[in-house]
Amino acid sequence: QVQLVESGGGLVQSGGSLRLSCAASGRTSGRTFSSHAMGWFRQPPGKEREFVAAISWAGLNTYYAGSVKGRFTISRDNAKNTVYLQMNSLKPEDTAVYYCAAAGGSGYVPAESHTYDVWGQGTQVTVSS
């Protein structure tokens with residue numbers, strides 16, 4: 001089974017930047033990390049989990065929630081089995097637990113959380129005003 005571990009979260013002032021990393025290991029259904037589309041989701045306090053960004057298995061296609069487009073950038077380095085989320089111009093409303101996820105073998109839709117098979121434990125991002 002693929003295992004995902006997020007890192008890079010923390011406390012930052014409004015307008016600041018953070019880069020989250022998601023390191024992957026293992027396999028699912030005979031596939032390596034490089035064959036998985038990857039996504040970032042977040043769950044603000046008291047709210048439901050929401051889509052942030054996703055990237056296709058080869059990194060050719062990226063997808064962003066409208067609330068983060070132009071501020072966040074998702075990327076991946078398959079040689080390092082790692083996906084990144086660069087977050088710039090952070091706002092207090094970006095405060096959330098951020099989760100990395102790996103897509104399953106079928107029915108994948110970038111913004112739909114139920115189409116991802118494996119999730120990391122989450123990393124807290126807090127943006128102060």
Any [X] side-chain heavy atom under 4.5 Å of [Y] side chain:
X      : Y      : answer
Arg76  : Met38  : yes
Trp57  : His36  : no
Thr123 : Val97  : no
Val52  : Leu85  : yes
Val118 : Tyr116 : no
Tyr64  : Ile74  : yes
Leu20  : Met87  : yes

Euclidean distance, [Y] [atom2] relative to [X] [atom1], rounded to 0.5 Å:
X      : Y     : atom1 : atom2 : value
Cys100 : Trp40 : SG    : CH2   : 5.0 Å
Thr95  : Leu11 : OG1   : CG    : 8.5 Å
Ser128 : Lys91 : OG    : NZ    : 15.5 Å
Gln86  : Arg71 : CD    : CZ    : 12.0 Å

Query raised in the report: Is NZ or CZ of Arg42 both nearer than 6.0 Å to the six-membered ring centre of Tyr99 and within 45° of the ring axis?
Result: no
Report task. Assess whether atom CD of Gln13 is packed by more than 12 heavy atoms of other residues, nucleotides or ligands within 6.0 Å. Result ->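 No, CD of Gln13 has 12 or fewer neighbouring heavy atoms, counting only those of other groups under 6.0 Å.
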**Report entry** Donor on one side chain, acceptor on other, Asn88 and Ser17, under 3.5 Å
**Finding:** yes
Query raised in the report: Under 4.5 Å between side-chain heavy atoms, hopping through other hydrophobics if needed: is there a path connecting Tyr84 to Leu4?
Result: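 No, no single cluster joins them.
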Requested in this report: Take the angle between the ring planes of Tyr98 and Phe72 and call it parallel below 30°, perpendicular above 60°, tilted in between.
Outcome: tilted
